[in-house]
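For the single chain, residues carry numbers from 1 onward in sequence order. Both counts, for ligands and for their atoms, begin at 1 and track the order of listing. Just so it is clear, the structure is predicted and the values come from calculations on it, not from any experiment.
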Amino acid sequence: MANQLRQQARLTVLGRKPRKCNVPVNEQGKYLKVSQYYGENVYNYHLSKSLSLEDKESLKQVIEGKRTIDRALATKVANSVLEWAISKGATHFCHWFQPLTGSTAEKHDAFLSFDNDRPLEQLSASQLMQGEPDASSFPNGGSRATFEARGYTTWDLTSPLFIQGSTNGKTLVIPTAFVSYHGDALDTKTPLLRSDLKINEVVTKFCQLIGMKDVNRVITTCGAEQEYFLIDKAFYFSRQDLVMTGRALFGSLTSRNQQLEDHYFGMIEDRVLAYMQEVEIELYKMGIPAKTRHNEVAPGQFELAPIFKDSNVAADSNQVVMTVLRNVALKHDFVCLLHEKPFAGVNGSGKHLNWSMSTDTNVNLLEPGNNPHENFRFLAVVATVVEAVYRHADIIRMGIASHGNDHRLGANEAPPSIMSVFLGTTLTSILDSMISGGKYVASNKTLLDLGARQLADLFKDNTDRNRTSPFAFTGNKFEFRACGSSASIGYPLSILNAAVIDVFEDTNKIIEEEMNKGKSADEALTTVILKWYGNAQRAVFNGDGYSQEWVKEAEKRGLGNLRTTPEAISVLKDSTKSSVLLKTGVFKESEIATRHNVMLERYIKCRQIEIKTLTGMVLKQVLPVAVDYKAQLAESIKKQKDAGVDASLELELLKDLANLSKTLYEQTVNMANNLEAYHKHDEETLAKKIAQELMPLSVKVADLCNKIEEIVPDENWPVPKYYDMLFIR
Ligand code: ADP
Ligand code: MG
C-alpha cells in the first residue's frame, strides 16, 4: 500500500546523518584556508607557463573587447588550456550554453585523438572556439525549420573556463554563446553580452560628459541571492507532483508553518549546514565566492548569496550555483527545490538581483558618497534608473514571467507584479525637495547641505529596508527582487539593461544640450534629475507593496499590473512596449518573436503537465483513499446500528467525505475535460484560458484534496504531507 511507502520514508529520514565530505587539505592533512584553494578549478591565463607575456596582454585585450582573437593566439590558448585541464584530471571538454529552456546544456567531447595510430590528448583552436550542436532539439520558437538544424556555440572569452567534477571523472567547461545559423541568439547570454556592450558605450559617454575623463569602461554588476528549499529525497520521490512539476500540487498546511517567524535566520541544523558547507567548497573551487548562507522565512527554505561580479559572469555563476545546489543535495539525500512556489501557503522562493554599474576607475555609480558634486551624479543615475523602470515597466515585468513565478507575484509574500521602485524615505525626500524647490540654482547652499548630509547617512539607512518592493534601492545598488528562483538571470538582466540604456541615451542628450547652452555639469545633472524624477515619481512607492490598497493606488497612478505570464508575455507582441529591446540593439526582431513563442509554449506545457499530474493523483491516489475510508465508515455505521449503538459521529464524517469526494471527482473531471476542450484554441487563447480558468479550478481541486486529507486517518494518506516534507529532516 502507498501509505507504507510514506511510513517507510519517515523512518528512513529519521535515520539520516549529516554527510561528511572531503574538505580540502594539504599534504600533511591540515585543512586549507579557503583562499588557498579558491578558484583552483578555474583556468587563469595569467598563471599559464606556455603563454608569453605578449600573448597574455593580447588575450587581455580580447577579453576587454578591444580586439578580436586571431588563429595563432587561439591555438596557443587552446594548448595552454589543454595542458591545464589535463593536469587537473579532465578527460573531456564541453561547450556549455544557456538555451531558452532556462537551464544549461552541454555536449561533451573527449580530448582523445590520434596521431596516426598513437593516442594523444588534443584541443584545437576551433574546438575551443566553436561548436556545432544540433539546434533543432532546443526551443527555437519556430524561428527556423528543423532541416536548418545548425546552431553554433562560440566561446565567451569574458567568462572563465572551469573544471566540473563528477564521481568518476572531470570535464573542462567552456562557457559559450548559442546562436542560429543566421546569427540569431538562441540563448540568454548573447543578448546580455550585447546589452553590456551598449551600457558600456552609453554610460562611459555619460561619465565623460560630466567630466569623469579617466573612465574608459563601464560594466553592470550583479549579485544574485538564491533562495531554495531542501526536502528529503525519500519524500520527494514519494510525490509524483514534486518529481513532475517541482511543486506540491496539494497538501494541507501544518498548524505551525512560518507564523512564529522562527526559521528566518534561525540556527542551521547540522544536516543542512553540512550540505551548505559542501556546496560552498564546490563553489569556491570553481571560483564562485559564496558569501552568505542562512535559513529563509519558510520551514525548509534557505538562501545562498555570492559576492557580486560583472553581470555576465554572475549570470553564468548563478547557473553553476543552481547546478551545484541540486547535485550536492542528492549526495546528502536531499532534493533541492528551485521552484518559485513548491508549497502553497508558505513563502515561495525568489532570486534577488542586486544590480549596479561600475567604472574601470572603480566607481560604483550608485554609491551616494558625501561629496555634493558626486551626489548630483548619483542622483542623476538613480533618477535615470527610476525613469527606466517606469517607462519600461511592462517589458521588465515580462522578463521575470514564468508559470512558477505567477504563484509568487501578487501572492501575499512576494513583491507584486506592479513594477514600483522603493527609494526609502531619505532619498525620496531629497528628490522631493529638489522637485518642490523648483528651479535649482547651483549656489543654493541649503539644498546642497541637505543633499550632502542626508546622503552620507544613506549608508547607515538600513531601517527603512523594504521587503515588499519589486525594485528597491538598498544603499549602493538596486535590488530587483521579483525575479523567480529558478530563472536564468541573464534574461531579466538583459531587459533591465535595455531599459536603462534607452533612458541613459536621453540623459546624455539632455546633458549635451544643457552644456552646449553653457551650463555646468552639475546644472545639467540637475535638469536630468528634475526631468526624470518629476516624470517617474509616480512609480516610486515606499509603502507596503503587499497591501490591497497599493493595488488600488497603483491603478490610480496608471501603473501596469500584469498578473499572469500570458498577460506579461503578450507585451512582446506590442511593439510600443517591446521596441526598446530592438532600438537598443539588445534583441533582434526575430529574436523577440522567438522569445514570445518559447515563453508561451513553455507556459502551456508546464501547466498541462501540472493539470495532468494533479488529475492523475486525485483519481489514483486521493479518491481511492477517500473511497476506502468511506467504505470503512459505512461498515462501522452498519455494525454499530446492528448493535444498537449511536453512530452519529461516523455518519457526519461519512456525509462530509461523501460530499467532498463527489465534488472533488466532478471538479477534477471538469478540469481535465476543459484542458482537452481548450485545445481547439490558438496558443495565446489557450494560455490565457489556462491562467484565468484552469488555474483557479486547480486551486479548488487542491482545496478539496486538502479537506479530505484533514478527514482521513493520517496513516492512510498516500503521499508525504507538508509536515513530513517541511519538518522531518
Ligand atoms: P543586503 O543586506 O541588501 O542583502 P548585501 O551586502 O548582503 O546586502 O548584498 C546582497 C548582495 O548584493 C550580495 O550578493 C552582494 O554581493 C550584492 N552587491 C553588493 N554590492 C553590489 C553592487 N555594487 N552591485 C551588484 N551587487 C552588489
Ligand atoms: Mg538582499
Engineer: Counting only heavy atoms from other residues, nucleotides and ligands, does the tally under 6.0 Å from NZ of K331 exceed 12?
Structural biologist: yes
Engineer: May I ask you to decide whether E505 forms a salt bridge with K198, counting only side-chain N to carboxylate O separations under 4.0 Å?
Structural biologist: yes
Engineer: Looking at F471 versus W355, is the centre-to-centre ring distance below 6.0 Å?
Structural biologist: no
Engineer: Can you name the atoms of ligand 1, numbered from 1 with element, that are less than 4.0 Å from a heavy atom of E479?
Structural biologist: 3 (O)
Engineer: List every atom of ligand 1 that sits less than 4.0 Å from any heavy atom of I307, numbering the atoms from 1 in the order shown and giving each element.
Structural biologist: 16 (O)
Engineer: Show the atoms of ligand 1 that are less than 4.0 angstrom away from any heavy atom in N364.
Structural biologist: 23 (N)
Engineer: Once side chain to side chain contact (heavy atoms under 4.5 Å, CB included) is applied, do any residues pair with L197, and if so which ones, sequence neighbours excluded?
Structural biologist: none
Engineer: Which residue in the set Q301, Q226, E296, E227 passes side chain to side chain donor-acceptor pair (under 3.5 Å) when paired with S349?
Structural biologist: Q301
Engineer: Is there at least one pair of N or O atoms, one from N354 and one from ligand 1, spaced under 3.5 Å apart?
Structural biologist: yes
Engineer: Indicate yes or no: does an N/O atom of F308 lie under 3.5 Å from an N/O atom of ligand 1?
Structural biologist: yes
Engineer: Which pairs count as salt bridge (Lys or Arg N to Asp or Glu O under 4.0 Å) when at least one residue sits in residues 343-361, sequence neighbours excluded?
Structural biologist: none
Engineer: Heavy-atom distance to atom 13 (C) of ligand 1: which of A314, P306, G223 wins?
Structural biologist: P306
Engineer: Examine the proximity of ligand 1 to K291 and report which part, side chain or backbone, both or neither, has a heavy atom under 4.0 Å away.
Structural biologist: neither
Engineer: Using a 4.0 Å cutoff against the non-hydrogen atoms of K477, which atoms of ligand 1 qualify?
Structural biologist: 3 (O), 8 (O), 9 (O), 12 (O), 18 (N), 19 (C), 20 (N), 21 (C), 27 (C)
Engineer: So if I count the atoms of ligand 1 from 1 in the order they appear, which ones are less than 4.0 Å from some heavy atom of E225?
Structural biologist: 4 (O), 10 (C), 11 (C)
Engineer: Any salt bridge linking D506 with K509? Criterion: basic side-chain nitrogen under 4.0 Å from a carboxylate oxygen.
Structural biologist: yes
Engineer: Give yes if a backbone or side-chain nitrogen or oxygen of T474 is under 3.5 Å from a nitrogen or oxygen of ligand 1, and no if not.
Structural biologist: no
